[in-house]
Chemist: 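Below you will find the structure I want to go over with you.
Protein chains get the first letters and strands the later ones, always in sequence-line order, with residue 1 at the start of each.
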Protein chains: 2
Amino acid sequence: MASETSKSVGFEKHDHGLCLEKAIKAAEAYCDRCNLQFTPLRRKVLEILLEEHRALGAYAVLDLLREAGLGSQPPVAYRALSFLVEHGFAHKIERLNAFVACALPDILHSPAFMICRKCDTVVEAQSPSSSFDLSATASATGFEIEQTTLEAKGVCNSCAEMA
Amino acid sequence: MASETSKSVGFEKHDHGLCLEKAIKAAEAYCDRCNLQFTPLRRKVLEILLEEHRALGAYAVLDLLREAGLGSQPPVAYRALSFLVEHGFAHKIERLNAFVACALPDILHSPAFMICRKCDTVVEAQSPSSSFDLSATASATGFEIEQTTLEAKGVCNSCAEMA
DNA sequence: AACATAAATGATATATTATAACATTACAAG
DNA sequence: CTTGTAATGTTATAATATATCATTTATGTT
Ligand SMILES: [Zn+2]
Ligand SMILES: [Zn+2]
Ligand SMILES: [Zn+2]
Ligand SMILES: [Zn+2]
């Protein structure tokens, strides 16, 4: 029941190979359509993020890149991560200064996360735009929310008027 | 009209002296009640944050502290800011790595913000716990939301079971 | 008051996260 | 083949945050 209404993934056991494959294919297809270069470096960084539903810091990503022989200096990791975030293949978890692969490729969404402070697992919840209600997803998965923060970036009225 | 239904403050002109006074008094009262030390340093940091509805980085706070002769090393600022955040007198804006005074003292709330990327003004919107809908406040103030992120910290089911 | 304890602050050093700036390579359009 | 553009390589440094230990200040107890 719960698994049919809730779209969350990460706390529950699931075929993670499908997550990975689906995300890579979605990125490939999107880049094709939009004439973006899904280079080996960018693909590798996405694969690294997709290994787990867990957020990785840029330097952790960099270490794994180095092991793979694909770059060894911070800008390499940050640039690939920026690309992935910019095009929605990954998200930055601000409170962790870390990055996670998008768990909802193909679906237009505003990112909303439940972050376990013990195991660092990050679950992405489905959400439309400016309206959020995590309580349903939280109780469906047994996640106990302790603290929530919503941050909306945009342009305020007076700044908009100046332009 | 809008100003009566919307509780947001910061984009609109208002008696900011009241904001400041109210916040300081609320912090004083709360510390009294809870036997917390509202020391000169902590008070000064709150006053610094209260000067504007804008987020300040820890090092900006530190500079102002130094000018006031109240401390000159990073831990001084970070400790005072932690105290303020821990007790709800201020919030951290994660996407800016910066801190803002709470605009809703006395009201139990989960922080929700609208952050102008041009003028860096931070407006705190009233919100209950895990349910958010900024669209009403946004349209009331003429803020155009470009991107929204919700991050909930807590403990997941399997970690809870271990304890 | 004298003492013990805990909390806050001072100070030094260092860790972590992120970007600026410029050189080089890869590749496509003209 | 040149010219422009995007991506990557490389070096250096900026910005944010914390660990650790010393010192001072507040609090509670005898
Ligand atoms: Zn998965
Ligand atoms: Zn996503
Ligand atoms: Zn105000
Ligand atoms: Zn607040």
Side-chain angles (χ1 to χ4, degrees), chain A residues 27-28 30-32 34-46 48-49 54-87 89-100 115 117 120 151, chain B residues 27-28 30-46 48-49 54-87 89-100 117 120 151:
Chain A
E28 244 169 12
Y30 182 90
C31 289
D32 257 23
C34 299
N35 275 96
L36 300 170
Q37 297 181 240
F38 195 49
T39 64
L41 179 65
R42 290 165 175 178
R43 170 190 292 262
K44 181 64 186 176
V45 171
L46 183 54
I48 286 170
L49 293 183
R54 197 178 300 275
L56 282 183
Y59 283 78
V61 170
L62 184 56
D63 285 344
L64 294 167
L65 270 186
R66 194 172 310 160
E67 283 179 22
L70 271 168
S72 60
Q73 298 305 322
V76 173
Y78 279 102
R79 284 192 290 231
L81 288 165
S82 297
F83 173 86
L84 297 176
V85 168
E86 187 179 348
H87 299 290
F89 309 138
H91 302 289
K92 180 169 185 187
I93 308 293
E94 298 286 354
R95 67 177 305 131
L96 300 179
N97 295 316
F99 302 83
V100 72
I115 306 154
R117 67 171 158 74
D120 263 2
E151 298 184 4
Chain B
E28 245 168 13
Y30 182 89
C31 289
D32 257 25
R33 256 186 291 129
C34 300
N35 275 96
L36 300 169
Q37 296 181 238
F38 196 48
T39 63
L41 178 66
R42 290 165 174 177
R43 170 189 293 260
K44 182 65 187 175
V45 172
L46 183 53
I48 286 170
L49 293 183
R54 196 176 302 273
L56 282 183
Y59 282 76
V61 169
L62 185 56
D63 285 343
L64 294 167
L65 269 186
R66 194 172 308 157
E67 283 179 22
L70 271 168
S72 59
Q73 299 305 320
V76 172
Y78 279 101
R79 283 191 291 230
L81 288 166
S82 296
F83 172 86
L84 296 176
V85 168
E86 185 179 350
H87 299 291
F89 308 138
H91 301 290
K92 181 168 186 187
I93 308 294
E94 299 286 353
R95 64 177 308 131
L96 301 179
N97 294 317
F99 302 83
V100 72
R117 68 170 158 73
D120 263 3
E151 298 183 3

Chemist: By nearest nucleotide on DNA chain D, pick out whichever of Ala58(B) and Pro40(A) is the more 5' one.
Modeler: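 The residue whose closest nucleotide sits nearer the 5' end is Pro40(A).
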Chemist: Name all residues meeting the side-chain contact (heavy atoms from CB on, under 4.5 Å) criterion together with Leu84(B); count only those two or more places apart in sequence or in a different chain, and write none if there are none.
Modeler: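 So Leu84(B) forms a side-chain contact (heavy atoms from CB on, under 4.5 Å) with Val45(B), Leu46(B), Leu49(B), Phe89(B), Ala90(B).
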Chemist: Mind checking the CG-CZ spacing from Leu81(B) to Phe83(B)? Nearest 0.5 Å is all I need.
Modeler: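 That separation rounds to 11.5 Å.
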Chemist: Mapping Ala98(A) and Thr39(B) to their closest nucleotides on DNA chain C, which lands nearer the 5' end?
Modeler: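 Nearest nucleotide further toward 5': that of Thr39(B).
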Chemist: Could you tell me which residues satisfy side-chain contact (heavy atoms from CB on, under 4.5 Å) with Asn97(B), sequence neighbours excluded, listed by chain and number?
Modeler: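 Result, side-chain contact (heavy atoms from CB on, under 4.5 Å) vs Asn97(B): Asn97(A), Lys92(B).
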Chemist: Can you run down the salt bridge (Lys or Arg N to Asp or Glu O under 4.0 Å) pairs that involve residues 56-65 of chain B, sequence neighbours left out, and say none if there aren't any?
Modeler: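 Every salt bridge (Lys or Arg N to Asp or Glu O under 4.0 Å) pair that includes a residue of residues 56-65 of chain B, provided the two are not neighbours, is Asp63(B)-Arg66(B).
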Chemist: Just how large is the angle between the end axes of the helix from dA1(C)-dT30(D) to dG30(C)-dC1(D), five pairs per end, to 10 degrees?
Modeler: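 The two end axes of the helix from dA1(C)-dT30(D) to dG30(C)-dC1(D) meet at 30°.
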Chemist: Could you tell me which residues satisfy salt bridge (charged side-chain N to carboxylate O under 4.0 Å, His left out) with Arg79(A), sequence neighbours excluded, listed by chain and number?
Modeler: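 Partners of Arg79(A) by the salt bridge (charged side-chain N to carboxylate O under 4.0 Å, His left out) criterion come out as none, since no residue qualifies.
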Chemist: Under the side-chain hydrogen bond (donor to acceptor under 3.5 Å, both in side chains) rule, collect the residues that match up with Gln73(B), sequence neighbours excluded.
Modeler: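 side-chain hydrogen bond (donor to acceptor under 3.5 Å, both in side chains) list for Gln73(B), sorted by chain: empty.
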Chemist: With a strict under 4.0 Å distance from non-hydrogen atoms of chain A, what nucleotide opens and what nucleotide closes the contacted stretch of DNA chain C, reading 5' to 3'?
Modeler: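 Taking any atom under 4.0 Å from a heavy atom of chain A, the span is dT17(C) to dA21(C).
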Chemist: What's Phe83(B) touching, base or sugar-phosphate or nothing? Going by heavy atoms closer than 4.0 Å.
Modeler: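 No contact at all - Phe83(B) keeps every heavy atom at 4.0 Å or more from the nucleic acid.
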Chemist: Can you name the side-chain contact (heavy atoms from CB on, under 4.5 Å) partners of Thr39(B), sequence neighbours left out?
Modeler: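 Scan of Thr39(B) (side-chain contact (heavy atoms from CB on, under 4.5 Å), adjacent residues dropped) gives Gln37(B), Leu41(B), Arg42(B).
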Chemist: Quick check against the 3.5 Å criterion: does Glu151(A) have a side-chain atom that pairs as donor or acceptor with the backbone of Glu94(B)?
Modeler: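 Side chain of Glu151(A) to backbone of Glu94(B): a pair is present.
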Chemist: Give, for atom NE2 of His87(A) and atom SG of Cys31(A), the distance between the pair rounded to the nearest 0.5 Å.
Modeler: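 Between atom NE2 of His87(A) and atom SG of Cys31(A) there are 7.0 Å.
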Chemist: Atom CD in Glu86(A), atom CG in Leu36(A): separation rounded to 0.5 Å?
Modeler: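 These two atoms lie 8.5 Å from each other.
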Chemist: Taking 5' to 3' order, which nucleotide of DNA chain D is first and which is last to have an atom within less than 4.0 Å of a heavy atom in chain A?
Modeler: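 Listed 5' to 3', the contact boundaries are dA6(D) to dT11(D).
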Chemist: Does anything in residues 68-80 of chain A reach DNA chain D, meaning a heavy atom under 4.0 Å, and if so which residues?
Modeler: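 The answer is Gln73(A), Pro75(A), Val76(A), Arg79(A).
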Chemist: Taking for each residue the nucleotide of DNA chain D with the nearest heavy atom, is it Gln37(A) or Phe99(B) whose nucleotide lies nearer the 5' end?
Modeler: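 Here Gln37(A) is the residue nearer the 5' end.
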Chemist: Once rounded to the nearest 0.5 Å, what's the spacing between atom CG of Asp120(A) and atom CG of Leu56(A)?
Modeler: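 These two atoms lie 9.5 Å from each other.
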Chemist: Test of understanding: with side-chain contact (heavy atoms from CB on, under 4.5 Å), list the residues that count as partners of Tyr59(B), not counting sequence neighbours.
Modeler: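 Testing Tyr59(B) for side-chain contact (heavy atoms from CB on, under 4.5 Å), a comparison that skips the adjacent residues, returns Leu62(B), Pro74(B), Tyr78(B).
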Chemist: List for me each residue that meets side-chain hydrogen bond (donor to acceptor under 3.5 Å, both in side chains) alongside Arg95(A), sequence neighbours excluded, and say none if there are none.
Modeler: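 Not a single residue meets the side-chain hydrogen bond (donor to acceptor under 3.5 Å, both in side chains) criterion with Arg95(A).
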